[in-house]
Amino acid sequence: MLVMPGRRTSTMELLAVEAAGRGMPVLAAEEVSAASGPAYWYGGPVAGARLAGQLGWALLEPADEWLAELPEEFTGREVRAATVLDAWALQRPTFVKPPRDKSFTAGIYPDGSRLAAGLDPATPVLLSEIVTFAAEYRLFLLDGQIVTGSRYAVFGRLDPRPLDGREPITAEIAEFVDRLVTTAEPALPSAVVVDVGQLLDAYRPDHRWAVVEANMAWFSHAYAADPTRVLDVVMRAAGPRDRVGPADLPFVRH
C-alpha cells in the first residue's frame with residue numbers, strides 16, 4: 001500500500017492515481033493502524049519517521065553534508081556545511097538553506113541577523129556563495145540513472161516543463177549526471193532526487209552545469225516529471241526496510 005498525508009498536494013494526487021492503477025491501496029496516514037503487506041511512504045519527514053517503525057519502511061536520504069563535500073567542479077560555487085549558530089554570525093549576503101528538512105525558509109540572507117532567532121543553534125545548514133541559475137531541473141535517479149525529470153524554474157521563477165529526451169539539453173544533463181555519480185564522492189542512495197541547473201558565469205560566454213541540491217525522493221515535488229517513473233523511485237526510497245540493500249543502509253533515516 002501507498003501511505004501519504006490526508007491533505008494531498010498535486011504530486012500526491014498523481015502518485016495516488018498511479019498506485020491505484022497498479023492495484024495498490026492508497027491510504028491516508030491518519031487512517032493506518034497496521035500494515036497488511038508491503039508499505040511505502042510519500043510525504044513529510046516527521047510523519048514518515050513516526051510511522052516507519054509501525055509500518056516497516058525505511059526512508060532513504062542523502063547525507064546533510066553531501067553538497068558541501070562535492071568537488072567545486074560539480075557545485076560551481078563555494079558551499080559549506082555549518083549550523084544555525086554559524087549562520088547567525090554571517091556578516092555578508094549568503095544563501096542559507098536546511099540540507100533536507102524544511103525547518104526554515106531557504107534563501108539569500110543579507111546577514112545572520114535576518115535568520116529566525118528561535119531556531120535550534122545546532123540545526124544543520126548549508127551556506128552557499130550566491131550564484132544565478134538560468135534554468136533548474138529536477139531529476140529522479142535510480143541506481144545512478146535518470147529515469148525521469150522536469151525543468152522546474154527559469155531564473156528562479158517556477159516554470160515546469162517535461163524533460164524531452166529529444167532535446168540536446170537532455171544529453172548534456174545526462175552526461176553531467178553520469179560524471180557526478182561515477183566520479184564524485186560522497187555517494188548517494190540508490191533512489192534519490194538531484195536538482196541541477198545551468199549556472200551563469202560572467203567569465204564564460206556559455207553556461208555550465210552545476211548541482212543545485214539533492215533531496216529525498218519521498219518528499220520531492222514531481223513538477224512535470226512522469227508520475228509512473230516518479231513512483232518507481234519513491235517506492236525504492238521509502239519502502240520495506242527488509243528490502244534495503246547493503247549499499248543503502250548508511251542512507252536510512254534514523
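For Thr94 (side chain) and Val96 (main-chain N/O), no donor-acceptor pair under 3.5 Å exists by modelled atom type. Judged purely by atom type and a 3.5 angstrom limit, Trp88 uses its side chain to pair as donor or acceptor with the backbone of Ala116. Between the side chain of Glu78 and the backbone N or O of Glu129, no donor-acceptor pair lies under 3.5 Å. Side-chain atoms of Trp57 never come within 3.5 Å of backbone atoms of Met235 as a donor-acceptor pair (strictly under, hydrogens ignored).
Residue Arg22 places its CZ atom among more than 12 non-hydrogen atoms of other residues, nucleotides or ligands, all under 6.0 Å distant. Taking a 6.0 Å sphere around CD of Glu30, one finds it holds more than 12 heavy atoms contributed by other residues, nucleotides or ligands. With a 6.0 Å radius and a threshold of 12 heavy atoms from other residues, nucleotides or ligands, Arg161 has its CZ atom at or below the threshold.
For Asp248 and Arg241, the salt-bridge test fails: no basic side-chain N is under 4.0 Å from an acidic carboxylate O. Remark: Arg151 engages Asp159 in a salt bridge, criterion side-chain N to carboxylate O under 4.0 Å. Ion pairing of Asp143 with Arg236 is present here, as a side-chain N (NZ or NE/NH1/NH2) and a carboxylate O approach within less than 4.0 Å. Taking 4.0 Å as the cut-off between side-chain N and carboxylate O, Asp226 and Arg229 do not count as a salt-bridged pair.
Minimum interatomic distance between Pro124 and Asp64 (heavy atoms only, all atoms of both residues): CG-OD2, 3.7 Å. Shortest non-hydrogen contact noted between Pro45 and Phe219 is CD-CE2, 3.5 Å. Gly156 approaches Ala153 most closely through the heavy-atom pair C-CB, 4.3 Å. When all heavy atoms of Val125 and Ala87 are compared, the closest pair comes out as CG2-CB, 4.4 Å. Residues Ala238 and Leu59 share a closest heavy-atom pair of CB-CD2, 3.6 Å.
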Derivation and outcome, salt bridge (charged side-chain N to carboxylate O under 4.0 Å, His left out), residues Glu213 and Lys97: CA-CA 10 Å; Glu213 62 182 357; Lys97 73 177 295 294; 2.8 Å; yes

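Counting only N and O atoms by type, the side chains of Asp86 and Thr83 include a donor and acceptor under 3.5 Å apart.
Counting only heavy atoms from C-beta outward, the side chains of Leu163 and Tyr137 approach each other to under 4.5 Å. In this structure, Val230 and Asp232 have side chains that are not in contact, with every pair of non-hydrogen atoms separated by 4.5 Å or more. Residues Pro98 and Phe104 form a side-chain contact, since some pair of their non-hydrogen atoms from C-beta on lies under 4.5 Å apart. Between Leu2 and Leu27 the shortest side-chain heavy-atom distance does not fall below 4.5 Å.
By the 6.0 Å and 45° rule, Arg138 stacks over the aromatic ring of Tyr152.
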